Amino acid sequence: MKDAASAAAMSDPWQNPSFRRRWQEPLDHCMPQSTPTPELNVALEITGRALREQWRRERAKREGVPS
């Protein structure tokens with residue numbers, strides 16, 4: 001780098017073709033944020049618990065631990 005201006009130009013996407021980051025506008029706080037519905041959260045928790053219990057049974061079976 002020759003000077004501070006050329007170093008600063010490296011963070012400018014128009015000056016540096018290798019620059020990958022782009023400016024993103026901040027979120028508009030007036031717009032409602034999309035959040036999952038509680039029903040989906042409950043369904044996800046039930047599925048997660050069932051998968052964990054299945055994994056525990058399979059692991060116990062592999063290790064020869066009576067269930």
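This is a predicted model, so every value here is computed, not measured. When a residue number appears, it is its place in the shown sequence, counting from 1.
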Sequence neighbours excluded, the answer for side-chain hydrogen bond (donor to acceptor under 3.5 Å, both in side chains) partners of Gln54 is Glu58
Residues at least two apart in sequence or cross-chain that pass side-chain hydrogen bond (donor to acceptor under 3.5 Å, both in side chains) with Arg49, listed by chain then number, are Glu45
In this structure, CZ of Arg56 is separated from CZ of Arg59 (nearest 0.5 Å) by 7.5 Å
Hits for salt bridge (Lys or Arg N to Asp or Glu O under 4.0 Å) against Arg52, two or more places apart or cross-chain, chain-then-number order -> none
